[in-house]
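Below: the structure, in structure tokens.
Whatever order the structure lists ligands and atoms in, that order sets their numbers, starting from 1. All values reported here derive from a predicted model rather than from experimental measurement. Side chains are part of it too, since the values below use all heavy atoms of this structure and drop only hydrogens, waters and symmetry mates.
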Amino acid sequence: MKRRYEGFAVGIDLGTTYSCVGVWQDQQSRVEIIHNDQGNKTTPSFVAFTENQRLIGDVAHNQASTNPQNTIFDAKRLIGRKFSDAVVQKDIMLWPFKVIPGVNDKPIIIVNYKGEEKQLSAEEISSMVLTKMRETAEAYLESPVKNAVITVPAYFSDAQRKATIDAGTIAGLNVMWIINEPTAAALAYGLDKRSNCDAERNICVFDLGGGTFDVSLLTIKDKVFQVRATAGNTHLGGMDFDNRMVDYFVKEFKKKNKVDITGNPKALRRLRAACERAKRTLSFAVDTTIEVDALFQGIDFCFSISRVRFENINMELFEECMETVDKCLNDAKMTKSSIHDVVLVGGCSRIPKVQQLLQDYFNGKDLCKSINPDEAVACGAAVQAALLSEGGIKNVPNLVLMDVTPLSLGIATGIDVMNVVIPRNTNIPIKKTKRYSTPKDNAVRVSINVYEGERARVGDNNLLGSFWLSGFPRAPRGHPLDVCFGIDENGIITVSAEEKTTGNKNRITITNDKERMSSEEIKRLIQEAEKYQAEDKKYLSKVSAMIALDDYVYSTRHTLKKKDIYSKLSSQEKEKINSAIEKARNLLDDDYQQEEDVFVDCLEDLKSIFEPIIAKSG
Ligand code: ADP
Ligand code: MG
């Protein structure tokens, strides 16, 4: 494998709900998952905007319930999608923030930042999360970080993958590789067990996260990872378990107190946060109590819930997960018994019932839990980053990662039916030709429409591009034409069509350029990102000046009192001090209205008044 990248290279798991960053440590021969400034190894993928500042990660997550309209999460659900996409429309109903259609039907997020309306794309929000992850790594490595491998769900379309690359670019990163999350997890896992890889080994990766669910089947042979099949649900995960708990408790609360909280978003959000905590606890404890003070109309919420109850509430969803595993095995034409390892990934894979159902499905097989489920994906991404970097990884010379098509690719020639040419999960690079026929008598030209997706009707799939093949000889319908699909190692799709008797040919390369941001747009957004950074820095520096002033007022008051200096001062001096302190207090009470230098000047003034007095009083 070519190793082209110099300097530090990190692996970033850009999750729907949580993100995680890791770096390969050559000396220890392992990946270090890097904790953020709050000491946490995963960072909420949240960005918030307030009157005064922009917040990213834990701080944004913590203030979400008091600033719902301006706290953005789930950007990953929007990235690379159209506003009119049914999935987007459904999600919008659940979000407290506003999303509107922009140019080219691109979804635009509206926030209020410093009293002004701002329009942001999903790429920008994701770039802010990626910036936070980059800075987390930079703080730990004490060095700038440029290169990164970023993970995406297996079902991500071409447009979603490319939009993720754009987000990385805006965050000032050089995106070396986009890797499927389950593949990354398996890579982390396979590396741990590399000595076992001589024989062929089949692995099932089960990733149940905060909002998405992925199953992947992989085969490792001679240190080569091959993805055999993937399946998943874009809308199944921890949040759904939390929501079911909320629904349950809303009913219980109504039964007990005769009040309905469904119309009160704030009460619902507080209850949801409490339920999420309870869900985590129930992975370790058999029961727990949920308490929320004055949840609604001054009524306290206090209920206990057992693990069994939690399981019953969510059983349907857990069973759906197992059905997806079954579907994935069928897709890959593999049997349960051919799976050597079942790997758990994602925060919700910690739920005991999920583990038990999965174990039962695999006829009692032991599950692999040796990799921390929150960190496995970032860990694999960090391994891949190191492999692509200068020097690579010692002792692992031939590790190659093979990629697959995440969605089926096919064509429609007139009628609303998807003709699959390359089924999903096909290894790339690949070239495949299929014979079709003209749909009408005496057709002189045929339009070839290229789609990606799993639905039977092309109307329900994603149109990637279309072209005409013309110059047909006069013939009844059913005249043959050959369509050839090619996908290169970078995932670039080329479709060509040929009419054999005349040798007429035409082709199209799917670049998804329409969906992607132009280089000018990216340049503008990079500048914008720098502006946000500068504003954040300026704000933090102002806050330090405010704290310094506040500290000085406090400590001087204390000194005056302690040494009983104040009572010995002349009334003129007293007045001077009092008015100086009042001025400072007023400035500080005025919150964040003033600029930094006002606070700095005020501190200087105070010092010039206090210091001589203190010196005099010795
Ligand atoms: P993502 O979907 O962003 O990849 P993660 O894999 O980190 O996110 O999963 C986040 C989800 O895992 C959240 O819904 C969180 O509540 C849940 N979670 C975290 N820890 C536990 C636990 N101990 N038990 C059950 N669920 C958990
Ligand atoms: Mg994840």
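- When only interatomic distances are considered, the shortest N/O to N/O separation between T16 and ligand 1 falls below 3.5 Å.
- A cation-pi arrangement is present between K256 and F303, with the terminal nitrogen or guanidinium carbon under 6.0 Å from the aromatic centre and inside a 45° cone about the axis.
- Compare R277, E276, R350, K76 by their heavy atoms: the one nearest to atom 15 (C) of ligand 1 is in E276.
- Of all protein heavy atoms, the one lying nearest to atom 17 (C) of ligand 1 is C348 SG, 3.6 Å.
- Between G237 and ligand 1 there is no heavy-atom distance shorter than 4.0 Å.
- If you look at S283 next to ligand 1, the close heavy atoms, those under 4.0 Å, all belong to the side chain.
- At a cut-off of 3.5 Å, with distance as the only test, no side-chain donor of Q160 or K76 sits close to an acceptor on the other residue.
- The G238 neighbourhood of ligand 1 comprises atoms 14 (O), with distances under 4.0 Å to a heavy atom of that residue.
- Screening D341, V354, V343, L344 for a side chain to side chain contact (heavy atoms under 4.5 Å, CB included) involving L367 leaves a single residue, L344.
- When hydrogens are left out, the protein atom nearest atom 12 (O) of ligand 1 is G347 CA, 3.2 Å; that is the closest non-hydrogen contact.
- Looking only at side-chain heavy atoms (C-beta outward), T50 and Q63 come within less than 4.5 Å of each other.
- Under the 6.0 Å distance and 45° angle rule, K146 does not count as a cation-pi partner of F8.
- By the ring pair (Phe, Tyr, Trp, His ring centres under 6.0 Å) test, F253 pairs with F301, sequence neighbours left out.
- At a heavy-atom distance under 4.0 Å, only side-chain atoms of I351, from C-beta outward, approach ligand 1.
- In terms of protein heavy-atom proximity, atom 7 (O) of ligand 1 is closest to Y18 CB, 3.7 Å.
- Considering every non-hydrogen atom in both M245 and A278, the closest pair reads CE-CB, 3.8 Å.
- The G346 neighbourhood of ligand 1 comprises atoms 6 (O), with distances under 4.0 Å to a heavy atom of that residue.
- Residue contacts with ligand 1, taken as heavy atom pairs separated by less than 4.0 Å, involve R280 via backbone and side-chain atoms alike.
- For F284, every heavy-atom contact with ligand 1 shorter than 4.0 Å involves the side chain, none the backbone.
- Applying the side-chain hydrogen bond (donor to acceptor under 3.5 Å, both in side chains) definition to pairs two or more places apart or across chains, those involving residues 300-315 are Y248-R309.
- Near G210, with a cut-off below 4.0 Å to any heavy atom, the atoms of ligand 1 are 1 (P), 2 (O), 8 (O), 9 (O), 10 (C), 11 (C), 13 (C), 14 (O).
- Not one N or O on the side chain of S338 forms a donor-acceptor pair closer than 3.5 Å with the backbone of M334.
- Heavy-atom proximity to T17, at under 4.0 Å, picks out these atoms of ligand 1: 1 (P), 2 (O), 3 (O), 8 (O), 10 (C).
- The environment of Q28 atom CD is dense: over 12 non-hydrogen atoms of other residues, nucleotides or ligands sit within 6.0 angstrom.
- Heavy-atom proximity to G15, at under 4.0 Å, picks out these atoms of ligand 1: 3 (O).
- Using a 4.0 Å cut-off to heavy atoms of K279, the atoms of ligand 1 that qualify are 13 (C), 14 (O), 15 (C), 16 (O), 17 (C), 26 (N).
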